[in-house]
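Please read the structure below before turning to the comments.
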Amino acid sequence: MDLQDKLQALLKENQKKIEETKELDDLDKIRVNLLGKKGPITQVLRGMRDLDATERPKVGAFANSIRDELNAALDEQRETLRRERVARKLAKETVDVTMPGTPVRLGTPHILQQIIDDLSDFFLGMGYQIVDSYEVEQDHYNFEMLNIPADHPARDMQDTFYLNKELLMRTQTSAAQSRTLEKHDFSKGPLKMISPGRVYRRDTDDATHSHQFHQMEGLVIDKNITMADLKGTLLAMAQHVFGADREIRLRPSYFPFTEPSVEVDVSCFRCGGKGCSVCKYSGWIEVLGAGMVHPNVLTYAGVDADVYGGFAFGLGPDRFAMLKYGVDDIRSFYTDDVRFLEQFHKEG
Ligand code: DAH
């Protein structure tokens with residue numbers, strides 16, 4: 001067999017081998033074996049030394065063309081294998097966008113936040129502004145400005161966490177009253193505000209007492225505000241929260257910053273007023289404190305008490321939630337038991 005036949009046979013045999021190769025690594029090995037220094041093509045070319053000088057260029061050109069063909073076959077197969085590999089990968093990583101997703105468990109606002117949000121919406125609708133005030137408060141605003149001087153017995157009930165002589169954790173959102181009053185420009189219109197937030201009192205924690213709870217303060221000051229305005233406002237609020245059939249009644253009470261002061265009861269939402277265990281068979285449930293703002297509170301804040309007057313109220317979102325949902329332990333709101341909190345899941 002002469003050299004050219006040998007080369008032809010080499011090409012045939014290896015073309016088939018290359019076509020049948022399935023792995024890129026194997027293809028590399030074939031290339032090294034075939035075209036490397038010790039490969040058959042090189043061997044053949046070495047044999048050219050024994051050839052006639054006239055034969056040499058012919059055989060040389062032929063050998064080169066065989067090598068080119070082998071290279072082309074290797075390239076082609078490499079490309080085919082690459083394409084197959086990509087196709088396999090794509091097939092494996094296909095995403096079915098029509099498949100239902102993994103459900104994500106959505107949280108919900110805390111029930112107390114829901115009550116505060118709902119009341120805020122209600123009062124915003126009546127033209128009130130929402131005031132965010134300080135939880136660390138000055139004695140001055142928490143007590144003095146509210147007509148509770150240092151020796152006033154009303155302080156005893158609200159003995160609290162003092163940070164120093166002047167600073168304390170506020171005991172009541174009423175502290176927001178004087179701060180807002182001081183700043184209000186009555187030439188621009190009446191003052192109507194609510195101020196929700198946390199308050200603190202030194203208290204023995206039990207089912208109905210917590211050393212930390214929430215209040216929402218309300219304050220309306222203008223000319224010619226009467227107790228009828230207070231009653232109408234609180235009736236609308238009570239009906240919004242506890243049901244459209246509710247009634248309210250005012251009982252005389254005492255707060256240093258209001259005169260007269262009242263305790264507000266709402267007719268029982270369970271029995272409608274006939275008497276049941278929720279209202280302790282009285283037909284009424286106490287829900288908040290209120291009154292006509294004491295002239296001293298206005299004067300201290302620099303407001304002319306002969307011209308302006310109004311009402312204030314203070315309600316407890318914790319108490320509202322307990323009543324509305326029959327929660328018998330205020331501590332449930334603060335111990336973060338998800339099983340308890342999830343009962344108040346709010347859609348959307
Ligand atoms: N600050 C009072 C308290 O913590 C609640 C209160 C009562 C607020 C009557 C008022 C009000 O604004 O008019 O016990």
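Just follow the structure's listing: the first ligand is 1, and inside any ligand the first atom is 1.
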So which pairs with a foot in residues 90-102 pass salt bridge (charged side-chain N to carboxylate O under 4.0 Å, His left out), sequence neighbours left out? none

Output every pair passing salt bridge (charged side-chain N to carboxylate O under 4.0 Å, His left out) with a member in residues 144-159, not counting sequence neighbours, ordered by first then second residue.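 Qualifying pairs: D139-R155, E144-R155.
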
Kindly state each residue pair satisfying side chain to side chain donor-acceptor pair (under 3.5 Å) with at least one member in residues 120-131, sequence neighbours excluded. none

Hydrophobic cluster identity match, M292 and M145, side-chain contacts under 4.5 Å: no

For ligand 1, list the protein residues that place a heavy atom within a distance below 4.0 Å of one of its atoms, sorted by chain and number.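 Contacting ligand 1 under 4.0 Å are Q158, Q172, S174, Q177, R201, Q215, E217, F255, F257, T258, G289, A290, G291, A312, F313, G314.
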
Can you tell me if Y200 and E137 form a side-chain donor-acceptor pair at under 3.5 Å?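 E137 and Y200 do not have a side-chain donor-acceptor pair below 3.5 Å.
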
Are the aromatic ring centres of F213 and Y334 under 6.0 angstrom apart? no

